[in-house]
Amino acid sequence: MKNNDVFNINSFITPDVSYSPVYVWVWNDVCTKEIIDTQLNEMQNLGIRAFYILPEPKDFRPDSMPTNLTPDYLTDEFFELCAYAIKKGKSLNMNCWIYDEGGWPSGSACGKVVEVHPEYTVENSSYPDLLNKKATECFIETTHEKYFSAIGEDFKNYVTAVFTDEPKAPFYTSNKELADKYEELYGESISPYLPIIKGEKAPTEETVQILYRWYDLCSRAFCKNYLLPCRKWANEKGVAFTGHLDVDHSPDGCMNGCNFNLMRALRCFNIPGIDVIWRQIYPENRVTDKNDFNAYNGFFPRYASSAAAQNGTRFAMSEIFGVAGASVTYDIMRYTVGYGAVRGINIFNPFNFPLGRSGQLLAQELPVFTENQPFCRYLSHFNKYTERLSYINSLGERVYDAALYYPVSDFHGGLKKKKISKEFDSLGRSLEAMLVDYDIIDDDIIKIAEITDGGYMCIGSAKYKHIIIPDDAYIPEDTQIALESFRKLGGSVSYELTNLKPVVKADGNGLRAMHRKTENGDLLILFRETGGNGEYRIQLPSINGYLLDLTNGKLQSLETENGVLKLSLEIGETAVVLLTDELINAENKKAFKEKFFVASDFTFKKETELICNENGFDNINHSENPVSIKLGDWSQIIGNAYSGSGVYETTFTLPTENAGKEGELALGEVHFVASVFLNEYSLGTVIAPPYKFKIPDGVLSEKNTLKIVVTNTSANWYVHTDYFKKWKKEELSQYFDGEIEYAKDFISGGLYGPVTIITE
């Protein structure tokens, strides 16, 4: 990363490649150097400046997601092509990571570890025991070392990070070293308690301490024998170690995700991460049913950002859009990155840019981002927006002093797991509704952090004044002692949400906020998460500063009234306020007063339509004559199956005195991207609401022509095509049916309006 202590206008307008979203290049088909060259060129056209290769071998999921990867995974030819792709990417100024597995979860080398060493196999499984360091050593030798050999001694000049994906420790292992360690520490054998660990008997008040001890030991072994060796290997090669664990969205997911202590595990990463799959982060107003995979909208991005702060680092990542379906729009993509950013995520990892684009591969792991989908042609706009947000969210340090206690012992013991999970979740959500920024803190940090005069608990870049404890949580004795010392020196330990300072004071509902301090100013990141009317009155500590536009990199001078900023935000929209005394070239907000409704009589014609043939996605370029259309869903004249773009045209007149003046064009509701031409002058492209376009001096006339090119997603095609009927369900992946159900929510397209113009 570049200098992260000072806001720089040029770095904001055009961020360094290190802030680019890192796309998952899924290798699932025949690969050649020619295909690599073509697809790297395609990435550049889409504004993709960073990637890692995720190989999906034929042996990965042959019965539920068959692929055609050739040359085969782990062969010399495979690594030769990987090295070629990475070096070619670097020559194009792209940022490249290494993915450490064939498919997922990481740790098995697609079965190779236990094939060579069956003694490392977990009981009743084909997965290696990652509590056994020798299994990890075999994994690293089989995968990491092969990448290093193929790329060469200048590895760190080509690779930025190594990514590990959802590695798992076993709930029960016959690992003698672990059993011996337990007996050494606690003076008794673990053997009598194995029925409880295996789930054959329920825990009791008398045995719950055994589970605390055992799973704590398993957690430490997982870190020591898998995560830390992987990090050591990466760091010795001069690159970062990143990735995420499984079931990292749920408070007690450390158990289902088989890492046993998520916070401890995440601190083993140089760049800790989380995973957003399905619709886990999703606008609540777009769904009717909420569950773990549908608008769950928890605060789980904070696990990764908290671990980074406690490590004293600034970077936390999130994998996003995995199996989210073909109906993902740019405003939902914007919602996802904004939701993560306001909770401390600043590196985004979108899924999926596929190597294979034909046959059943087009049904696997949607959405797919490819240039020959009309909707994806605007991906560069989203990428640039995300780069600017990542840049802003990497500057300086977060300003906050609260932490929520992670009751991991209750997750281990199980007796109060549901109750404590619910309380923990409720507290976190309440803090956010109060606009309080905070970290997640666990026993490890409480016990080793430095407690300073004035009552601050300090570790890494984190500095906590308030520790909030879920009611009735079990707190180990040594943690209680550390908390009491903290309290005596002036710190606050409470079961209540009192005396907590919000990031900002704001009138209006659904806002989330973060404060970052740099050497030359303060940044406020403001994200509209939920409903309300989107109108906010925000009290600012200073009236000197600017609004930063993430869509175009421009600055607008702040206009406040008695220190109050009036802000209007769409759901999922992020506003950035820079408070500084520095003078930076910026625009002043123009006051437009006269409003005109553009005629609702539009003509329409199809432009570019998405289809599919034996070679995968293709386009039809239409040339029919335009027909009259009413504003609304364009299916009224072209049917429900149309995915692609269409052209709306109209003419309108303005009074003579308004001709030539600056103004603003507002399209109202659009499904889902709009490019506008006014009197043949391009006003630009907008990919998410509000669909507003600045009209420069001299463009408006008395008589005007307006052309609006609207593009929808590929959801219509996926829902209505019979293309996939020739394949069996198990060939289309276990995700496909769910993704199609998602797509049914967005089988629409068109200009809905109302279309208005306001001028000076």
Side-chain angles (χ1 to χ4, degrees), residues 330-331 378 381 533-535 547 549 551-557 559 566-570 573 585-607 624-634 636-638 645-712 749-760:
Y330 288 118
D331 64 316
Y378 303 98
H381 293 263
N533 60 13
E535 302 295 327
L547 275 172
D549 193 327
T551 61
N552 57 28
K554 294 182 179 180
L555 275 64
Q556 178 185 300
S557 297
E559 290 188 6
K566 293 181 180 179
L567 200 61
S568 179
L569 294 175
E570 298 282 342
E573 192 174 5
N585 188 32
E587 300 175 345
N588 292 316
K589 185 177 182 180
K590 292 292 180 71
F592 300 125
K593 298 178 180 178
E594 296 199 58
K595 186 173 184 178
F596 302 91
F597 285 93
V598 174
S600 58
D601 298 325
F602 281 82
T603 63
F604 174 82
K605 62 181 179 180
K606 295 185 288 186
E607 187 184 57
E624 294 97 333
N625 292 326
V627 297
S628 296
I629 190 173
K630 294 180 180 179
L631 296 186
D633 194 329
W634 62 27
Q636 59 189 283
I637 63 171
I638 59 175
S645 57
V647 180
Y648 292 78
E649 292 186 278
T650 193
T651 60
F652 64 95
T653 60
L654 290 176
T656 303
E657 59 267 25
N658 295 103
K661 290 185 176 181
E662 284 188 65
E664 183 179 82
L665 172 69
L667 301 185
E669 186 177 351
V670 176
H671 291 196
F672 296 97
V673 173
S675 297
V676 173
F677 301 85
L678 179 59
N679 298 327
E680 299 186 353
Y681 179 88
S682 173
L683 298 185
T685 297
V686 174
I687 63 173
Y691 293 94
K692 295 181 178 180
F693 299 78
K694 180 181 177 182
I695 303 173
D697 279 329
V699 174
L700 280 171
S701 302
E702 290 184 55
K703 295 182 179 181
N704 301 275
T705 61
L706 180 63
K707 174 183 173 182
I708 305 168
V709 182
V710 174
T711 307
N712 68 348
L751 174 64
Y752 285 63
V755 180
T756 59
I757 282 179
I758 54 175
T759 67
E760 295 175 282

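Everything numeric in this text was worked out from a predicted model, so none of it was measured.
Here the OG1-CG distance, from T650 to L706, works out to 7.0 Å after rounding to the nearest 0.5 Å. From E669, atom CD reaches atom CG of L667 across 11.5 Å, with rounding to the nearest 0.5 Å. The structure places CD of E649 at 5.5 Å from NZ of K605, a figure rounded to the nearest 0.5 Å. Rounded to the nearest 0.5 angstrom, K661 NZ and L700 CG are separated by 10.5 Å. The CG atom of D601 lies 9.0 Å from the CG atom of L631; values are rounded to the nearest 0.5 Å. Considering CG of L665 and CD1 of I708, their distance stands at 6.0 Å, rounded to 0.5 Å.
By the side-chain contact (heavy atoms from CB on, under 4.5 Å) test, S600 pairs with no residue at all, sequence neighbours left out. Partners of D549 by side-chain hydrogen bond (donor to acceptor under 3.5 Å, both in side chains), not counting sequence neighbours, listed by chain and number: T551, N552. When the ring pair (Phe, Tyr, Trp, His ring centres under 6.0 Å) test is applied to H671, the partners found at least two apart in sequence or on another chain are Y752. Every residue two or more places apart in sequence or in another chain that forms a salt bridge (charged side-chain N to carboxylate O under 4.0 Å, His left out) with K554 is listed here: E587. Annotation: salt bridge (charged side-chain N to carboxylate O under 4.0 Å, His left out) contacts of K589 (sequence neighbours excluded): none. In this structure F604 satisfies the ring pair (Phe, Tyr, Trp, His ring centres under 6.0 Å) test together with W634, Y648, sequence neighbours excluded. Remark: Y330 pairs with F375 by the ring pair (Phe, Tyr, Trp, His ring centres under 6.0 Å) rule, at least two apart or across chains. Checked against salt bridge (charged side-chain N to carboxylate O under 4.0 Å, His left out), D633 has no partners two or more places apart in sequence or in another chain. In terms of the ring pair (Phe, Tyr, Trp, His ring centres under 6.0 Å) criterion, Y378 has no residue partners (sequence neighbours excluded). In this view, K630 satisfies the salt bridge (charged side-chain N to carboxylate O under 4.0 Å, His left out) rule with no residue, not counting sequence neighbours.
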Full working for side chain to side chain contact (heavy atoms under 4.5 Å, CB included) between K606 and I638
CA-CA 8 Å; K606 295 185 288 186; I638 59 175; 3.8 Å; yes
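Counting heavy atoms from C-beta outward, E702 and L654 have side chains that stay 4.5 Å or more apart.
Annotation: E624, atom CD; neighbour count of heavy atoms from other residues, nucleotides and ligands within 6.0 Å is above 12.
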Show me the side-chain donor-acceptor pairs of residues 753-760 shorter than 3.5 Å, one per line, residues at least two apart or across chains.
unit_1	atom_1	unit_2	atom_2	d
T759	OG1	N658	ND2	2.8
E760	OE1	E662	N	3.4

Would you list the atom pairs, donor with acceptor, under 3.5 Å between side chains in residues 685-699 and any protein atom, with sequence neighbours excluded?
unit_1	atom_1	unit_2	atom_2	d
T685	OG1	S675	OG	2.7
Y691	OH	F672	O	2.6

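Contact detail for K707 and V709: the closest heavy-atom pair is CE-CG2, 4.0 Å. Closest approach of A659 and S701 over heavy atoms only: CB-C, 3.9 Å. Contact detail for E680 and T705: the closest heavy-atom pair is N-OG1, 4.4 Å.
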